[in-house]
Amino acid sequence: MGELRPLGEDLTQESRALAQALRELFEGLDVSVRRYAARHRRDPGTFSRYLNGTRLPPWEVIMGIMTDLAEHRGTTVTPEAIEFIRGLHGSAFDSSSSPKHAVEIIEQQLADADHVSRRSSVRGDILGDALLERQNRIANLEVRLSQMEAALTAERERAGQLAAAHPDVSELRGERDVLRQEVTRLGNELQAAHEQRDAAEARCDLLERQLAAVEHPVALPAAPPLRMPKVLVVDDQPDNLLAMTAVLETLGQELVTVSSGRDALKALLHHDDFAVIIMDVQMPEMDGYETAAHIKRRPRNRDVPIIFLTAMGVDPEHTARGYAAGAVDYISKPFDPWALRAKVAVFTEIHLERRIGPSEGTASRPSST
């Protein structure tokens, strides 16, 4: 993990050119992949894939490498260098945008969710066994305590006087109280493991449905007679809003676009019937995590699914924080249009199914998009 991996196989010419340029920049930093990733709080595996061309890095990652290299050398990043790398990045993105690439993205997310589900199941089994063992120990202690207390009571009656509590009884009671505290703790941890497993399983089901939407697109029902739900897009960068609008307008839904978390909260007050919210994570003043937390506290909006759009890489640290804030899905910048369209289409289908039932809320006509 510390050294550069070989370039990936079956790369497009454009992806290979970008990866080679980034590798040359990175090698000038004289630092290992693992150490650089740790320095910037990034997942080393994801960062390594950026450098071997198998995953397209967000533009922020590339600018970070260029800025760090300039600082390392005591120089500045020239506009010509930025434009050259930007051109390579744009070409690589255009060449990688395809249903096949979208399938790869969603399959990786499916693998991650399945890993979480299996890990949570194993942890649940371990916690369940530990909980049962403590409960059995408590039951045995209760039997011993009952026997000792009955014997002490009989002895006191024979002596005709009150005797002090036996030290063995006090010790057993203390042991029982400690075990009861452990049972409470283990029960809470077991419930959390089950909830994590259930959430991961739900994500697996959702991602499998998204894969089907990429591989076999279906057209969403047109209005009338159905009133199509809206999509809320939140991003502080105008270029991103324009790009997402261009990608999603083919679905035939009303797009509500805003440039801040506060404007998103206002839009949810002034509009209704949203199928999904697509929200940038990194925004000034109120970021995506804080905005999502506010949304989930509102009874009117708490059930609207949120897709986080992130330039930080979809690594465990960020996804865990996002799911805790209320997100149900993730997509990385630069976003793949096929993957984004599939995700929004699936959430829209689910919204329509809940509104009018699955038999009427979905369609089977192949989409032209």
Side-chain angles (χ1 to χ4, degrees), residues 12 14-15 18 42-43 46-47 49-50 53-64 86 88-110 112-113 203 206-207 209-211 213-215 217 231-251 253 255-259 261 264 275-283 287-289 291-292 305-315 318-319 322-323 327-348 367 369:
T12 64
E14 294 81 0
S15 294
L18 175 64
R42 296 187 182 279
D43 176 64
T46 300
F47 191 80
R49 287 189 284 273
Y50 291 156
T54 55
R55 180 171 293 186
L56 190 64
W59 178 247
E60 290 82 354
V61 171
I62 297 175
M63 276 303 302
R86 190 189 294 275
L88 292 178
H89 184 255
S91 297
F93 175 70
D94 292 339
S95 70
S96 64
S97 177
S98 66
K100 180 180 177 182
H101 184 244
V103 166
E104 291 173 353
I105 292 172
I106 299 174
E107 282 181 341
Q108 181 58 54
Q109 291 182 319
L110 177 60
D112 293 341
R203 288 198 298 274
L206 182 64
L207 290 162
R209 188 165 176 173
Q210 291 172 8
L211 282 171
V214 174
E215 295 168 338
V231 177
L232 176 61
V233 184
V234 190
D235 198 304
D236 64 309
Q237 299 296 321
D239 289 348
N240 288 338
L241 290 177
L242 288 173
M244 283 186 278
T245 298
V247 168
L248 296 175
E249 64 185 1
T250 59
L251 295 176
Q253 295 173 253
L255 302 179
V256 179
T257 60
V258 297
S259 58
V276 64
I277 301 168
I278 306 167
M279 181 146 47
D280 185 26
V281 170
Q282 293 177 296
M283 295 186 292
D287 65 15
Y289 298 126
T291 305
I306 298 174
I307 301 175
F308 270 160
L309 188 66
T310 175
M312 296 179 290
V314 185
D315 58 53
H318 293 123
T319 55
Y323 293 138
V328 296
D329 207 345
Y330 262 92
I331 192 165
S332 295
K333 291 181 181 178
F335 65 86
D336 182 278
W338 289 86
L340 180 63
R341 198 157 42 230
K343 289 177 182 292
V344 171
V346 166
F347 282 117
T348 300
S367 171
T369 60

Novice: Should I278 and V344 count as side-chain neighbours, where that means a heavy-atom distance under 4.5 Å?
Specialist: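 Side-chain contact under 4.5 Å: yes.
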Novice: Identify the heavy atoms of R341 and L248 that sit nearest to each other, and give their distance.
Specialist: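 Smallest heavy-atom distance, with atoms named: CA-CD2, 4.2 Å.
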Novice: CD of Q282 to OG1 of T310: how many Å apart, nearest 0.5 Å?
Specialist: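 Going from the CD atom of Q282 to the OG1 atom of T310 covers 6.0 Å.
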Novice: Counting distance only, does the side-chain N/O of Q109 pair as donor-acceptor with the main-chain N or O of Y330 below 3.5 Å?
Specialist: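 Between the backbone of Y330 and the side chain of Q109 there is a qualifying donor-acceptor contact (under 3.5 Å).
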Novice: Run the side chain to side chain contact (heavy atoms under 4.5 Å, CB included) test on F347 and L206 for me, step by step, so that the C-alpha distance in whole Å, both residues' side-chain angles and the decisive distance to 0.1 Å come before the verdict.
Specialist: CA-CA 9 Å; F347 282 117; L206 182 64; 3.3 Å; yes
Novice: I need the single residue from D112, L211, L207, V214 that forms a side chain to side chain contact (heavy atoms under 4.5 Å, CB included) with E107. Which is it?
Specialist: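 Result for side chain to side chain contact (heavy atoms under 4.5 Å, CB included) with E107: L211.
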Novice: Distance check, rounded to the nearest 0.5 Å: R86 atom CZ versus L88 atom CG?
Specialist: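 So the gap between those two atoms works out to 12.0 Å.
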Novice: Specify the closest pair of heavy atoms between A92 and L18, including all atoms of both residues, with the distance to one decimal.
Specialist: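 That would be CB-CD2, 3.8 Å.
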Novice: Report the residue from R203, K343, R209 that forms a salt bridge (Lys or Arg N to Asp or Glu O under 4.0 Å) with D329.
Specialist: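 Answer after filtering R203, K343, R209: K343.
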Novice: Show the nearest heavy-atom pair for residues V234 and M283, with the distance to one decimal.
Specialist: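 Where V234 meets M283 most closely, the heavy atoms are CG1-SD, 3.7 Å.
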Novice: If I take atom CG from residue L232 and atom CG from residue L255, how far apart are they, to the nearest 0.5 angstrom?
Specialist: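 Going from the CG atom of L232 to the CG atom of L255 covers 9.5 Å.
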Novice: Which heavy atom of Q253 sits nearest to which heavy atom of A275, and what is that distance?
Specialist: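 Heavy atoms of Q253 and A275 come nearest at NE2-CB, 4.3 Å.
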Novice: Enter the distance from I106:CD1 to I331:CD1 here, rounded to the nearest 0.5 Å.
Specialist: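 Those atoms lie 7.5 Å apart.
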Novice: Just wondering, do I306 and T291 contact through their side chains at under 4.5 Å, heavy atoms?
Specialist: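 With C-beta onward as the side chain, the pair stays apart.
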Novice: For N240, check side chain to side chain donor-acceptor pair (under 3.5 Å) against everything at least two apart and list the hits.
Specialist: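 Counting only residues at least two positions away or on another chain, N240 forms a side chain to side chain donor-acceptor pair (under 3.5 Å) with D235.
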Novice: How close do Q210 and V346 get, heavy atom to heavy atom, and via which atoms?
Specialist: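 Minimum heavy-atom contact is CA-CG2, 3.8 Å.
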Novice: Under the ring pair (Phe, Tyr, Trp, His ring centres under 6.0 Å) test, which residues partner F47, sequence neighbours left out?
Specialist: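 Result, ring pair (Phe, Tyr, Trp, His ring centres under 6.0 Å) vs F47: F26, Y36.
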Novice: Should V103 and W338 count as side-chain neighbours, where that means a heavy-atom distance under 4.5 Å?
Specialist: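 Side-chain contact under 4.5 Å: no.
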Novice: Closest heavy-atom contact between A102 and A339?
Specialist: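 Heavy-atom minimum between the residues: CB-N, 3.5 Å.
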